Amino acid sequence: MLNVLVTGGAGYIGSHTCVELINNGYNVISVDNYSNSAPQVIDRIKKITGKDMKSYCCDIRNKKDLEKIFSDNKIDVVIHFAGLKSVGESCKKPLLYFDNNIFGTIVLCEVMQKFNVKKLVFSSSATVYGDESLPPYVESMPTGKVTNPYGRTKYIVEEMLKDVFSSDNGWSITLLRYFNPVGAHESGLIGEDPKGIPNNLMPYVSQVAIGKLSKLTVFGGNYNTPDGTCIRDYIHVVDLARGHIKAIEKTMQNQGINIYNLGTSRGYSVLELIKAFEKATGKRISYETGSPREGDIAVVYANTDKAFCELGFKAQFDINKMCEDAWHWQSKNPTGYVIN
């Protein structure tokens, strides 16, 4: 039975991945500083799975604390989620993103190397493709012409990890380029719970539906798309989590750098997602059109053929299921994990 260290294990994607890992027989060790998550998540993961898991409150930039965790546990493979992820915030606070996302990964890799743990699955992003390639994005396309500091941190970490492997071919590293995770676990016990005003579309829509926010601002209505709003490839977070199980299997089998898109190969506009949410939930979503958001690209969706051919991964859930599960989580937890 493999021991998997999950950085950011209490986060949105991390928590759903912990559930899938445990359900597939892995031992999970979560590390999280709870800067954008809640300790209650760990108990909910245990409730969903009916099994125990280790968890540590630790910032991965703290090398001493991280080394203690590696010293106290036999770790076979690491899934690295821990990182800040807001495009808008990264444009306002680039140094914070460089420190957290890049320096944090450097410390993690140094500790992994010290303890001879050289198998890593990295949470990357479709933002690395930038705005010069045309969708659907294929893994072989050029990267680096990014439009915001968040995307730049993901690109820099990808390049850094390639260099780590070039310097030591004993590493096995899988880079997973996510598109737009949405939805929640069908139990309604875990889901996306952003602190403050949501930066992502689905939790914002959900909070408008529950009455926590008055209306949604659609950023830009004049993009070169059928209805003038941005198009994104939305993937159910449980599908995404299951992609990590496939990625671990690949990472454990062979050494090298492997890169995969995890999406659905289907794009939906902002207005299409709003309509799908209204259909799935019976809730009316009030919205207004505002100015385009700095760093946004008009159309982003994946080509996922490589993930299907090499990992056997294919997303199962459609946009209606994504909306239903997001609403189930929101309606069951109107104030998120912290109960007022």
Side-chain angles (χ1 to χ4, degrees), residues 1-11 13-15 17-22 24-35 37 39 41-42 45 51-84 98-124 153-154 156-176 241 243-260:
M1 190 179 293
L2 292 178
N3 297 315
V4 184
L5 180 77
V6 182
T7 73
I13 304 171
S15 60
T17 301
C18 286
V19 167
E20 295 303 316
L21 287 166
I22 294 168
N24 279 272
Y26 293 91
N27 285 325
V28 174
I29 303 153
S30 170
V31 172
D32 203 302
N33 68 358
Y34 304 113
S35 65
S37 59
V41 175
I42 302 300
I45 293 171
K51 296 178 181 177
D52 202 6
M53 62 179 281
K54 283 188 177 182
S55 62
Y56 295 89
C57 180
C58 172
D59 190 310
I60 61 169
R61 292 170 292 183
N62 188 321
K63 183 182 281 190
K64 183 178 178 181
D65 287 354
L66 198 58
E67 285 180 342
K68 182 71 164 58
I69 294 169
F70 273 75
S71 177
D72 291 348
N73 298 275
K74 179 188 178 298
I75 296 166
D76 298 298
V77 57
V78 175
I79 302 181
H80 178 30
F81 293 108
L84 300 174
F98 294 141
D99 178 50
N100 194 91
N101 295 5
I102 298 173
F103 178 64
T105 305
I106 291 172
V107 174
L108 175 64
C109 288
E110 286 175 341
V111 175
M112 289 178 66
Q113 192 160 260
K114 178 177 179 178
F115 287 86
N116 199 35
V117 179
K118 297 182 178 180
K119 298 189 183 299
L120 174 67
V121 177
F122 174 60
S123 165
S124 191
T153 66
K154 291 297 186 182
I156 290 171
V157 170
E158 280 198 7
E159 294 302 299
M160 182 178 75
L161 292 176
K162 291 174 187 177
D163 288 338
V164 167
F165 173 72
S166 295
S167 70
D168 179 356
N169 293 158
W171 284 78
S172 179
I173 301 171
T174 302
L175 311 177
L176 298 180
H244 289 76
I245 305 299
K246 300 289 189 181
I248 281 187
E249 293 168 358
K250 180 74 171 180
T251 304
M252 298 305 295
Q253 285 171 4
N254 60 337
Q255 295 163 333
I257 291 275
N258 292 288
I259 304 172
Y260 300 101

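What you are looking at is a predicted structure, and each value in this text was computed from that prediction instead of being measured.
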Flag side-chain contact, heavy atom, 4.5 Å: Val164 against Leu120: no
Is the backbone of Gln255 close enough, under 3.5 Å, to the side chain of Lys119 for a donor and an acceptor to pair up by distance? no
Closest non-hydrogen atoms of Ala82 and Gly8, given as atom of the first, atom of the second and distance, are CB-N, 3.8 Å
For the atom pair CD (Glu158) and CD1 (Ile156), what is the distance rounded to the nearest 0.5 Å? 11.0 Å
Which residues pass the side-chain contact (heavy atoms from CB on, under 4.5 Å) test with Asn27, not counting sequence neighbours? Met1, Asn3
Locate the shortest heavy-atom distance separating Cys18 from Gly9; write the atom from each residue and the value. SG-O, 3.7 Å
Short question: side chain of Asn101, backbone of Lys154 - any donor-acceptor pair under 3.5 Å? no
Closest non-hydrogen atom pair, Ile75 against Val117: O-CG2, 3.5 Å
Decide side-chain contact (heavy atoms from CB on, under 4.5 Å) for Tyr34 and Ile42; before the verdict, give the C-alpha distance in whole Å, the side-chain angles of both, and the deciding distance to 0.1 Å. CA-CA 11 Å; Tyr34 304 113; Ile42 302 300; 3.8 Å; yes
Closest contact, heavy atoms only, Ser37 versus Ala10: CB-O, 3.4 Å
Can you check whether Thr251's main-chain N or O pairs, donor with acceptor, with Ser172's side chain at less than 3.5 Å? yes
Using side chain to side chain donor-acceptor pair (under 3.5 Å), reason through Asp32 and Ser30 one step at a time and then give a plain yes or no. CA-CA 7 Å; Asp32 203 302; Ser30 170; 5.4 Å; no
Derivation and outcome, side-chain contact (heavy atoms from CB on, under 4.5 Å), residues Tyr26 and Glu20: CA-CA 9 Å; Tyr26 293 91; Glu20 295 303 316; over 6 Å; no
State yes or no: are the ring centers of His244 and Phe81 separated by less than 6.0 Å? yes
Any side-chain heavy atom of Ile248 sitting closer than 4.5 Å to one from Leu21? yes
To the nearest 0.5 Å, atom NZ of Lys114 lies from atom SG of Cys109 at 15.0 Å
Does Asn24 have any side-chain hydrogen bond (donor to acceptor under 3.5 Å, both in side chains) partners at least two apart in sequence or in another chain, and if so, which? none
Separation of Asp65 CG from Cys57 SG (nearest 0.5 Å): 9.0 Å
Check: Thr7 side chain, Val31 main-chain N or O, donor-acceptor pair, under 3.5 Å: no
Once rounded to the nearest 0.5 Å, what's the spacing between atom NZ of Lys250 and atom CG of Asn258? 5.0 Å
Rounded to the nearest 0.5 Å, the NZ atom of Lys118 sits from the CG atom of Asn169 at a distance of 10.0 Å
Quick check for you: to the nearest 0.5 Å, what is the distance between Cys58 atom SG and Lys64 atom NZ? 12.0 Å
Using modelled atom types and a 3.5 Å cut-off, is there a donor and acceptor pairing between side-chain atoms of Ser71 and backbone atoms of Glu67? no
For the pair Asp59 (side chain) and Arg61 (backbone), establish whether a donor and an acceptor sit closer than 3.5 Å, ignoring hydrogens and angles. yes
Step-by-step side chain to side chain donor-acceptor pair (under 3.5 Å) determination, Tyr56 to Asp72: CA-CA 11 Å; Tyr56 295 89; Asp72 291 348; 5.0 Å; no
side-chain contact (heavy atoms from CB on, under 4.5 Å) between Val78 and Leu5: does it pass, once the steps are laid out? CA-CA 5 Å; Val78 175; Leu5 180 77; 4.1 Å; yes
So, for Ile60 and Thr105, which heavy atoms are closest and what is the spacing to 0.1 Å? CD1-N, 4.3 Å
Which residues satisfy the side-chain hydrogen bond (donor to acceptor under 3.5 Å, both in side chains) test with Glu159, sequence neighbours excluded? Lys162
Is there a side-chain contact between Ile102 and Val157 (heavy atoms, below 4.5 Å)? yes
